[in-house]
Every structure is written in structure tokens, then in C-alpha cells.
2 protein chains.
Amino acid sequence: MPVYRPLSSLAPVVPQAPLEDVSARIRAQGARATPARIAVLRMLQTASRALSHADVEHALADSGFDRVTLYRVLDWLVEAGLAHRVADSDRVFRFSLAASRSPEHARHAHFRCDDCGRVFCLEDVRVSTPVLPAGFTSKEVQVSVSGACAECNARPS
Amino acid sequence: MPVYRPLSSLAPVVPQAPLEDVSARIRAQGARATPARIAVLRMLQTASRALSHADVEHALADSGFDRVTLYRVLDWLVEAGLAHRVADSDRVFRFSLAASRSPEHARHAHFRCDDCGRVFCLEDVRVSTPVLPAGFTSKEVQVSVSGACAECNARPS
DNA sequence: TTGCATCTGCAACTGGATTGCGGGTAACGG
DNA sequence: CCGTTACCCGCAATCCAGTTGCAGATGCAA
Ligand SMILES: [Mn+2]
Ligand SMILES: [Mn+2]
Ligand SMILES: [Zn+2]
Ligand SMILES: [Zn+2]
């Protein structure tokens, strides 16, 4: 079980995205553009990988948002169709921008490193809906690969 | 979020499989063939879908096995390579016979019904390892489709 | 049959996620 | 601008699948 590693030691996931744009997008869903929603959505937009609640909480620690508020914001984003949620093999949910919201976030596979615990978006590995048994209808397809990431393979350990 | 539904209302998942065979298979792993291990392994062998700890616990309620024992048996089965574990989108682990243990359990996709919460093994949907970024190595690939199963689609609801 | 490493039962614990509720505030109308 | 109010947030308690520690039981090889 990999230990938690703060975002600072990872790829840059700093909240920096067109502010007005983000607020407008939230209001377009018929909801209030609150500081918490804006901050989290901006973060997701610039994230290079799927973020857990803990990731968001640590990155936005200075802002002083309540833990529960961040849970609710993430839930709301999913419900509003702005983000999607995948259950990781370590029983934590990870969030990333919804496919429909940006072309580079089209349906793709995810990779979980068993060593460092990070989850990468494999943008190049596209996912297609398989043929299902009669009567079954699909809403979502998730492909998740586990193993060791490049960084962890390089490190002698 | 679908409510838990007891096994009795679902497909027949009664523990009935060659007893001696099962005991021998357990001992072949250098472990003791205890009642709990035998019962759980027999259950997995006849299950038509991936079982959660709760499924096993309810089905074997009469036997009086402790909750923790069943957790440990399931963990042991995975460690021994006799079963494999998939993390479901509702944050519960589900278990099924390992691919190497029976030809009909080759690497396949799983289907989760958002309505009734059941997880089906899509034996016909084979899974192959995708091409990964340089330096990445894979150990396991999981494909999980979500949507509505035939039964739930048929029911008017 | 006996020895003992392995396994089980029980109870306490963990950590991510959820819920209830009183107080706060974004957005709209005036 | 300011008042109103439905929506949102902070806080504390709670849930729940899964884990851990330890003392006692037991499968099985000798
Ligand atoms: Mn992604
Ligand atoms: Mn399966
Ligand atoms: Zn890694
Ligand atoms: Zn169903």
C-alpha cells in the first residue's frame, strides 16, 4: 500500500485556468459559482492525472475549504456532468474532467502505479464499448491498467 | 445507489462443487484445508458472477463463520492465485475465480448494473493489454462496463 | 497421539465517504 | 444599490468496508 505523496512532488497541478470561463460554465448548469466550485474545477482543468479528494484537499489547503465541502463539490461536478469519477483499487475515488468537456479528455484508459499509487490518464489508449449480451445497455466503460510507472521502474527502489 | 439485495433473490449461487477436489487444491498451495476456505472456494467455483464479501457472508450465514475470517479467506485466495479481486465503483471488492484456474474464466470484462448493483462476468468480452507509454509495465488490466442489465431493462421499474 | 505453526474468533480500530443541521451567501428582483 | 431567499458551506457526528492485535483453537505432519 503506497504512502500518500503530496502534490508538490508530482507533476504541476496548480490551479490556473481562465477564471471567468469557469464561473460561467458553472452558472450554465443553473448553479452558484462559489469559490470552492471555481477552485476545484480550475484544478481539474489543468490536472494531468485523475485527482483524489486528498489531492484536492492538500492542493487547496491554504484556501481553507472544509473537507466536506470539497466532497460535495466533487459530487456536484459529477452530477452536473462536468467531471467523471473512477473507483481506484485502493478504494478511493479519483476525478477528472468529463470526456465531453474537452477533446483531449476523450474516453481513455487509466494507469495506476502499484508502487507510488499515482493514477495516470492514458490519453492515447482510447476505449470503445464492447458488444454486450442481449438486453444489456451500457452507459460507461472504464479500462484501468495497473503495474509500475516509468519513474518507479527507473528508481532502483 | 442500489440497495443491497440478498443472494436468494438472484441467480443460483449455491455452494456445490466436488469437495475432495477443492480440499486438495487448497493443500496444493501449502495451506490448511479449513471449513471456511473450502466453503468459499466452492462458492466461487459455482458463482456466475463476481461476489462481494457481503454476498459470501450472507450465503454462508448458517455456517457461522466470522466476518473477519471470510475477509481473510478471500484475501488468501487472491494471494494464492486462486481468485482475483476487482474494485467496484461502489468501493467494494468483488471476487471471482482466477483466470488461470479455469479456461472459462480467462481475462474478461465485467459489467456492473447501476440499477440492481450486480456485477456480471462478461466471459465473451476478452481483455488485452494495451500499448503503454515508454517505461511503463503492466501487471493487470481491468475493463468494467456500467449500465443496466437485461433484467432491469425488462422490468418497467 | 502429540506438537505446533497456522488459522480463527472477537473486539477494537482505520480512513474515506456521508449525513443533519444551523448559519452564511450568491444571485435575482426591485 | 439593498433585501429576500433558495442554495451552499462549516462543523460534528456517523457510516461502513475493510484491517489489525491477540489469545485460543485446530489441521496436519511426524
Ligand atoms: Mn482521465
Ligand atoms: Mn470475472
Ligand atoms: Zn509509480
Ligand atoms: Zn440490474
Side-chain angles (χ1 to χ4, degrees), chain A residues 1-4 19-20 22-41 50-58 60-61 63-80 82-83 85-95 117 119, chain B residues 1-4 19-20 22-41 50-58 60-61 63-80 82-83 85-95 117 119:
Chain A
M1 215 54 82
V3 199
Y4 175 80
L19 177 61
E20 292 311 319
V22 169
S23 301
R25 177 164 300 167
I26 293 172
R27 272 189 232 97
Q29 300 293 325
R32 291 191 199 162
T34 64
R37 284 178 180 165
I38 294 169
V40 174
L41 188 47
L51 302 178
S52 67
H53 171 271
D55 289 335
V56 175
E57 190 179 11
H58 282 88
L60 300 180
S63 312
F65 297 122
D66 187 80
R67 220 167 52 82
V68 178
T69 297
L70 297 179
Y71 275 117
R72 288 199 268 233
V73 166
L74 290 168
D75 286 348
W76 176 83
L77 285 168
V78 171
E79 219 155 295
L82 296 176
R85 163 169 62 185
V86 304
D88 198 0
S89 58
D90 57 2
R91 286 174 30 95
V92 317
F93 289 133
R94 306 213 167 234
F95 301 82
V119 174
Chain B
M1 212 57 81
V3 200
Y4 175 80
L19 177 61
E20 292 310 319
V22 170
S23 301
R25 177 164 298 165
I26 293 172
R27 272 189 232 99
Q29 300 293 324
R32 291 189 196 164
T34 64
R37 283 178 181 164
I38 294 169
V40 174
L41 187 47
L51 302 179
S52 68
H53 171 270
D55 289 335
V56 175
E57 191 178 9
H58 282 87
L60 300 180
S63 312
F65 298 122
D66 187 80
R67 216 169 56 84
V68 178
T69 297
L70 297 179
Y71 274 118
R72 288 199 268 234
V73 165
L74 290 168
D75 286 348
W76 176 82
L77 284 168
V78 171
E79 220 155 295
L82 296 177
R85 164 169 61 186
V86 304
D88 197 2
S89 58
D90 57 1
R91 281 173 31 94
V92 318
F93 291 132
R94 306 210 168 238
F95 300 83
V119 174

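Every heavy atom of this structure was used, including side-chain atoms; hydrogens, water molecules and symmetry mates were not. Lettering follows sequence order; numbering is per chain, from 1.
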With heavy atoms under 4.0 Å as the rule, sort B/D75 into base, sugar-phosphate or nothing. sugar-phosphate
Below 3.5 Å, can you tabulate the donor-acceptor pairs from side chains in residues 30-41 of chain B to any protein atom, sequence neighbours excluded?
{"from": "B/T34", "atom 1": "OG1", "to": "B/R37", "atom 2": "N", "distance (Å)": "3.4"}
{"from": "B/R37", "atom 1": "NH1", "to": "B/R32", "atom 2": "O", "distance (Å)": "3.0"}

Give the intermediate values and the outcome of side chain to side chain contact (heavy atoms under 4.5 Å, CB included) for residues B/Y71 and B/R67. CA-CA 7 Å; B/Y71 274 118; B/R67 216 169 56 84; 3.6 Å; yes
Side-chain N or O of A/R91 closer than 4.0 Å to phosphate OP1/OP2 of C/dG15: no
Give a yes/no on whether any side-chain N or O of A/Y71 is located under 4.0 angstrom from OP1 or OP2 of C/dT18. no
[X] [atom1] - [N] [atom2] separation (whole Å):
| X | N | atom1 | atom2 | result |
| --- | --- | --- | --- | --- |
| B/F93 | C/dG16 | CZ | P | 13 Å |
| A/D90 | C/dA17 | CG | C1' | 14 Å |
| A/L74 | C/dG16 | CG | P | 14 Å |
| A/E79 | C/dT18 | CD | P | 11 Å |
| B/E57 | D/dG18 | CD | C1' | 12 Å |
| B/R85 | D/dT19 | CZ | C1' | 12 Å |

Run the ring pair (Phe, Tyr, Trp, His ring centres under 6.0 Å) test against B/F93 and tell me which residues pass, sequence neighbours left out. none
Heavy-atom contacts, protein to nucleotides 3-11 of chain C, under 4.0 Å, summarised as B (base), S (sugar-phosphate only) or - (none) per nt, yield --BBSBBBB
Can you name the side-chain hydrogen bond (donor to acceptor under 3.5 Å, both in side chains) partners of B/D75, sequence neighbours left out? B/R85
Who pairs with A/S89 by side-chain hydrogen bond (donor to acceptor under 3.5 Å, both in side chains), at least two apart in sequence or on another chain? A/R112
Any donor-acceptor pair under 3.5 Å from A/R94 side chain to A/V86 backbone: no
Minimal non-hydrogen separation, B/L70 against B/H53, with atom names: CB-NE2, 3.7 Å
What's the shortest heavy-atom distance between A/A80 and A/Q29, and which atoms? O-OE1, 3.4 Å
If you define the side chain from C-beta out and look only at heavy atoms, does anything of B/W76 sit under 4.5 Å from B/I26? yes
Pair assignment for DNA chain C - dot-bracket with | for other-strand partners, Watson-Crick or G-U under 3.5 Å: ||||||||||||||||||||||||||||||
Comparing nearest nucleotides in DNA chain D, the 5'-proximal residue of the pair B/F95, B/R27 is B/F95
